[in-house]
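This chain uses plain numbering: 1 for the first residue, then up along the sequence. Reckoned from all heavy atoms, side chains included, excluding hydrogens, waters and symmetry mates.
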Amino acid sequence: MKKNVFALALAMAMVFGLASCSKSGDSSSGSGSGSENALRLGSLGPLTGSAAAYGTATKQGAEVAVQEINALGGLQLVLDYQDDEGDPEKSVNAYNALKGNGMQVLVGATTTGACVAVASETYADRVFQLTPSASSADVTAGHDNVFQVCFSDPNQGITAAEYIAEKKLASKVGMLYNNGDPYSTGVAQAFSARAAELGLNVVTEQTFPDDTNTDFTVQLNAIKASGADLVFMPIYYTPASLVLNQAAGMNFSPVFFGCDGMDGLLEMDGFDKANAEGLMLITPFNAASEDARTAKFVQEYVDAYGTTPNQFAADAYDAVYAVYEACQKAGATPDMSAEELCEKLVAVFTSPDFRFDGLTGQGMTWTANGEVSKAPQVFLVQNGVYVPQ
């Protein structure tokens with residue numbers, strides 16, 4: 001009888017002991033470091049829904065960076081990633097879940113609308129926020145704690161207009177963008193304003209309401225009828241794949257010109273790369289680069305996830321490393337509060353002495369308004385690969 005009672009007590013103790021080692025609702029990932037001895041990074045983006053491809057890429061890019069950093073020893077990181085479905089209201093819920101799990105620094109959000117909503121929360125809570133891919137100026141406006149790794153929308157629109165004008169790529173320009181998306185609209189507006197200043201002949205502006213749109217026949221026919229020989233499309237790669245397929249089907253072959261949201265198009269399952277031949281785009285990342293660090297990242301990513309990383313993954317990788325290097329410069333430790341870390345990291349990121357070398361840019365610096373300074377690159381798709389221009 002005594003043996004049975006002792007065995008029962010021992011079994012219960014083991015159950016309670018195991019339970020105390022896990023944390024309910026915590027989707028953290030790391031490399032063998034206990035959360036009590038590691039800096040807790042939070043991140044969020046769409047892992048489900050129509051924009052899931054973008055959130056999945058940022059999550060996986062961040063995970064590769066965390067694993068590399070933890071293998072170095074020294075400051076350890078734990079990543080907690082929450083699904084916000086790309087929805088502003090749900091992004092605030094995801095942020096609150098991260099905060100409840102003990103997040104100290106936020107690397108996110110992925111999409112612009114969600115990031116604008118969350119930025120108000122991090123500003124009020126004094127949580128340092130670095131977004132890999134939310135590019136609207138509204139993300140950082142009025143928030144001294146919010147910074148971007150990606151190009152801002154105005155930067156991309158201006159750069160695209162200047163490049164097209166300088167290279168004399170078109171006599172007539174058409175535009176196609178998502179007027180329900182802050183990213184697409186922001187780039188389009190900046191492009192339109194700069195194009196007017198440069199004397200570019202924008203003959204038509206066509207729009208669609210959201211990224212669930214699947215039929216672009218009306219817009220493409222209108223652009224074709226306008227005589228445009230170049231179409232500027234600041235849209236994400238999912239709708240871009242449909243536009244290019246449908247343009248090929250109607251024998252319409254102007255120069256299509258996109259921005260960083262289009263990166264990832266060539267890796268889409270089922271997409272015919274021939275339909276992207278001659279496409280031009282601005283993006284900070286080239287997975288086929290011969291740069292040793294890029295090649296290492298690409299190989300690790302392919303080994304882990306079975307697919308080639310795109311710009312979203314690379315920007316998230318850079319975001320984690322930028323926070324890590326800033327923490328080292330600031331002397332940050334895992335026992336610091338989110339508020340204390342926020343003030344230290346803001347001071348580092350706005351310091352003229354802080355320059356970050358990443359996959360998506362060398363010598364990156366940040367302005368006091370959170371915008372990153374790095375050189376954009378223009379690529380041409382030839383034979384299914386990016387060719388620098």
Side-chain angles (χ1 to χ4, degrees), residues 39 41 43 61-62 65 68-69 72 74-75 77 104-109 112 115-116 118-119 122-123 125-159 162 186 190 194 260 282-285 289 291-294 297 311 314-334 336-378:
L39 187 73
L41 300 182
S43 192
E68 284 185 0
I69 289 167
L72 296 174
L75 179 64
L77 305 176
Q104 294 165 284
V105 175
L106 179 63
V107 179
T112 289
C115 202
V116 170
V118 169
T122 62
Y123 178 73
D125 293 336
R126 301 310 295 165
V127 173
F128 183 82
Q129 180 177 357
L130 178 63
T131 171
S133 50
S135 53
S136 170
D138 292 339
V139 168
T140 59
H143 303 135
D144 68 328
N145 64 310
V146 183
F147 295 78
Q148 295 165 313
V149 170
C150 55
F151 297 124
S152 68
D153 294 344
N155 181 300
Q156 291 199 75
I158 292 169
T159 298
E162 291 175 346
R194 186 61 177 142
D260 62 357
I282 297 172
T283 181
F285 178 69
S289 170
D291 171 72
R293 189 178 178 194
T294 297
F297 166 67
Q311 168 256 324
D315 271 336
Y317 177 94
D318 279 355
V320 171
Y321 263 102
V323 167
Y324 170 70
E325 291 189 15
C327 282
Q328 289 185 310
K329 192 172 182 65
T333 56
M336 291 180 178
S337 67
E339 294 87 346
E340 186 178 1
L341 284 166
C342 180
E343 303 314 318
K344 285 182 174 292
L345 292 177
V346 167
V348 171
F349 268 77
T350 55
S351 168
D353 297 329
F354 184 59
R355 302 179 71 84
F356 173 70
D357 292 331
L359 301 180
T360 65
Q362 298 292 302
M364 293 186 222
T365 59
W366 281 265
T367 64
N369 67 2
E371 184 176 354
V372 69
S373 174
K374 61 183 179 181
Q377 299 182 70
V378 177

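- More than 12 heavy atoms of other residues, nucleotides or ligands sit less than 6.0 Å from atom CZ of Phe354.
- For the pair Lys374 and Phe151, the cation sits on the ring face: its NZ or CZ lies under 6.0 Å from the ring centre, inside 45° of the axis.
- Taking CG of Asp125 as the reference point, atom CD of Glu339 lies at 7.5 Å (rounded to 0.5 Å).
- Val372 has its side chain out of reach of Thr365: every pair of non-hydrogen atoms, C-beta onward, lies at least 4.5 Å apart.
- Using a 4.5 Å cut-off on side-chain heavy atoms (C-beta onward), Thr294 and Phe285 make contact.
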Intermediate values then yes/no, side chain to side chain contact (heavy atoms under 4.5 Å, CB included), Val146 and Phe128: CA-CA 6 Å; Val146 183; Phe128 183 82; over 6 Å; no
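- Side-chain atoms of Gln129 never come within 3.5 Å of backbone atoms of Val105 as a donor-acceptor pair (strictly under, hydrogens ignored).
- Expressed to the nearest 0.5 Å, how far CG of Leu345 lies from NZ of Lys329 amounts to 12.5 Å.
- Considering CG of Leu130 and CZ of Phe147, their distance stands at 8.5 Å, rounded to 0.5 Å.
- Under a 3.5 Å cut-off, the side chain of Ser135 and the backbone N or O of Cys150 do not form any donor-acceptor pair.
- For the residue pair Asp153 and Gly186, the shortest heavy atom distance occurs at CB-C, 3.8 Å.
- Not a single donor-acceptor pair under 3.5 Å links the side chain of Ser152 to the backbone N or O of Ala137.
- Scanning all heavy atoms of the two residues, the minimum distance from Pro376 to Ile282 falls at CB-CG2, 3.9 Å.
- A donor-acceptor pair under 3.5 Å is formed between the side chain of Thr159 and the backbone N or O of Asn155.
- Side-chain atoms of Ser373 never come within 3.5 Å of backbone atoms of Trp366 as a donor-acceptor pair (strictly under, hydrogens ignored).
- Between Val127 and Leu106 the shortest heavy-atom distance is CG1-N, 4.1 Å.
- Without hydrogens or angle criteria, Gln104 side chain to Pro334 main chain gives a donor-acceptor distance under 3.5 Å.
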Evaluate the criterion side chain to side chain contact (heavy atoms under 4.5 Å, CB included) for residue pair Val139 and Gln148; output intermediate values, then yes/no. CA-CA 8 Å; Val139 168; Gln148 295 165 313; 4.0 Å; yes
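- For the pair Asp318 (side chain) and Leu359 (backbone), a donor-acceptor distance under 3.5 Å is present.
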Should Glu68 and Tyr317 be marked as a side chain to side chain contact (heavy atoms under 4.5 Å, CB included) after you check the CA-CA gap, both sets of side-chain angles, and the distance that decides it? CA-CA 10 Å; Glu68 284 185 0; Tyr317 177 94; 2.5 Å; yes
Take Tyr321 and Phe356 through the ring pair (Phe, Tyr, Trp, His ring centres under 6.0 Å) test and state the conclusion after the steps. CA-CA 9 Å; Tyr321 263 102; Phe356 173 70; 7.3 Å; no
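- In this structure, the side chains of Ile69 and Val320 come closer than 4.5 Å at one or more pairs of heavy atoms.
- Donor-acceptor pairing under 3.5 Å is recorded for the side chains of Thr122 and Asn145.
- Rounding to the nearest 0.5 angstrom, the gap separating the CG atom in Asp315 from the CG atom in Asp260 is 7.0 Å.
- Gly108 and Cys115 get closest at one heavy-atom pair: O-SG, 3.9 Å.
- Atom-to-atom distance recorded for Cys327:SG and Leu341:CG is 6.0 Å, nearest 0.5 angstrom.
- Counting all heavy atoms, side chain and backbone alike, Ala62 lies closest to Ala316 at N-CB, 3.9 Å.
- What you find for Pro352 and Arg355 is that their closest heavy atoms are O-CG, 4.4 Å.
- Using modelled atom types, one side-chain atom of Asp357 and one backbone atom of Gly363 make a donor-acceptor pair closer than 3.5 Å.
- Summarising the geometry, atom CG belonging to Asn369 is positioned 12.5 Å from atom NE2 belonging to His143; distances are rounded to the nearest 0.5 Å.
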